[in-house]
Amino acid sequence: MNPARRPMIAGNWKMNAGGADGCDLATGVARVAAEHDSVDVLVAPPYTALAAVSHALSEDKSDLAVAAQNMHFEEAGAYTGEVSASMLKVAGASWVILGHSERRQLFGETDELVAQKMTAAFGAGLAPIVCIGELLEEREAGQTLAVVTRQLKAVLDELGGNPGLGVVAYEPVWAIGTGKVASPEDAQEVHAHIRGLLSEASADLGRDTRILYGGSMKGTNAEGLLGQADIDGGLIGGASLKADGFGKIIEVASKLAQQEKKD
Ligand code: 13P
């Protein structure tokens with residue numbers, strides 16, 4: 001297995017578990033993750049719980065990584081209600097989710113804005129997880145590959161001299177929170193296309209970038225998806241809110257990684 005593409009299982013808590021419940025959830029996840037060291041596990045609490053979750057994890061001597069769900073691209077200034085990349089770092093985040101479809105759809109984020117945020121994240125030493133994915137009407141119109149190409153090219157064009165892209169998450173919007181998971185074959189087709197675009201940009205990017213799948217992943221459907229050649233992990237919403245359910249996905253990823261080592 002390419003060590004740069006160790007499986008990653010990331011929990012996006014969205015607007016949930018923003019207080020002491022977040023610390024309990026994170027330490028519960030850390031207990032499961034500690035038993036599966038071939039998987040990188042990451043949790044993304046809301047802003048209000050970032051510092052407390054990071055603190056609880058370091059008290060537990062856990063190496064679970066913490067991500068923010070969004071950020072502003074400016075470093076500081078008159079941007080009421082916003083949070084910058086360096087502030088997230090101070091709160092203990094090492095990753096940041098950018099361009100989630102809920103940000104794009106509900107808060108009007110554009111491809112250009114996502115690219116701007118990615119540059120600011122790199123500047124502050126935060127690793128981005130850049131989300132891309134098509135709407136249901138785009139899939140039905142046969143535009144899936146064109147949409148993800150447009151979204152990915154916008155960030156690739158901004159990469160400049162950066163050696164890596166961080167992580168890409170393919171999240172078909174129609175599969176998010178709907179229980180309608182993409183079939184492993186459909187997801188793999190899009191992941192292979194994304195890897196092709198990364199390889200066109202640079203051979204290293206194509207070889208080493210992890211591409212996560214997101215959209216109604218849970219313990220019972222994770223194996224088919226995570227077993228695909230170009231699916232390197234999952235970005236999980238609803239099923240990341242209970243440590244045992246999220247733990248099941250970590251266990252599946254770990255089992256597949258062990259099998260791959262033996263093959
Ligand atoms: P669900 O797992 O709830 O479908 O959410 C996926 C997601 O949006 C993760 O970022």
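Note that these values count all heavy atoms, side chains included, but never hydrogens, waters or copies made by symmetry. Start at 1 and go down the list; that is how both ligands and their atoms are numbered.
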Checklist outcome for this item: Heavy atoms of C131 and H100 approach each other most closely as CB-CA, 3.8 Å

Checklist entry - Does A175 reach ligand 1, in the sense of a heavy atom lying below 4.0 Å from it? => result yes

Checklist entry - Within less than 4.0 angstrom of ligand 1, does K14 place any heavy atom? => result yes

Checklist entry - What atoms in ligand 1 come closer than 4.0 Å to a heavy atom of G238? => result 1 (P), 2 (O), 3 (O)

Checklist entry - Is a side-chain N or O of S216 found less than 3.5 angstrom from the main chain of A175, in a donor-acceptor match? => result yes

Checklist entry - Looking at atom 2 (O) of ligand 1, what's its closest protein heavy atom, distance included? => result G237 N, 2.9 Å

Next on the checklist: Any carboxylate oxygen within less than 4.0 angstrom of a Lys/Arg side-chain nitrogen, looking at E134 and R139?
Outcome noted: yes

Next on the checklist: What I want to find out is whether R150 reaches D111 closely enough, with some N-O distance under 4.0 Å, to be called a salt bridge.
Outcome noted: yes

Checklist entry - Mind checking whether G214 has an N or O less than 3.5 Å away from an N or O of ligand 1? => result no

Checklist entry - Do the side chain of D60 and the main chain of S62 share a donor and acceptor less than 3.5 angstrom apart? => result no

Item to check | Sub-3.5 Å N/O-N/O distance, A239 and ligand 1 | outcome: no

Checklist entry - N/O to N/O below 3.5 Å, does that happen between E102 and ligand 1? => result no

Next on the checklist: Check this for me: D21, atom CG, are more than 12 non-hydrogen atoms of other residues, nucleotides or ligands nearer than 6.0 Å?
Outcome noted: yes

Checklist outcome for this item: The answer for which part of N12 has a heavy atom under 4.0 Å from ligand 1 is side chain

Checklist entry - Counting each atom of ligand 1 from 1 as listed, which ones have a heavy atom of G177 under 4.0 Å away? => result 1 (P), 3 (O), 4 (O)

Checklist entry - Where's the contact between E171 and ligand 1, heavy-atom distance under 4.0 Å: side chain, backbone, both or neither? => result side chain

Checklist entry - Looking at ligand 1, does any of its N/O atoms fall within less than 3.5 Å of an N/O of G215? => result no

Checklist entry - Is the closest basic N to carboxylate O distance between R195 and D232 below 4.0 Å? => result yes

Next on the checklist: Please report whether ligand 1 has a polar contact with T178, defined as an N or O pair separated by less than 3.5 Å (distance criterion only).
Outcome noted: no

Checklist outcome for this item: In this structure, CG of L197 is separated from NZ of K153 (nearest 0.5 Å) by 6.0 Å

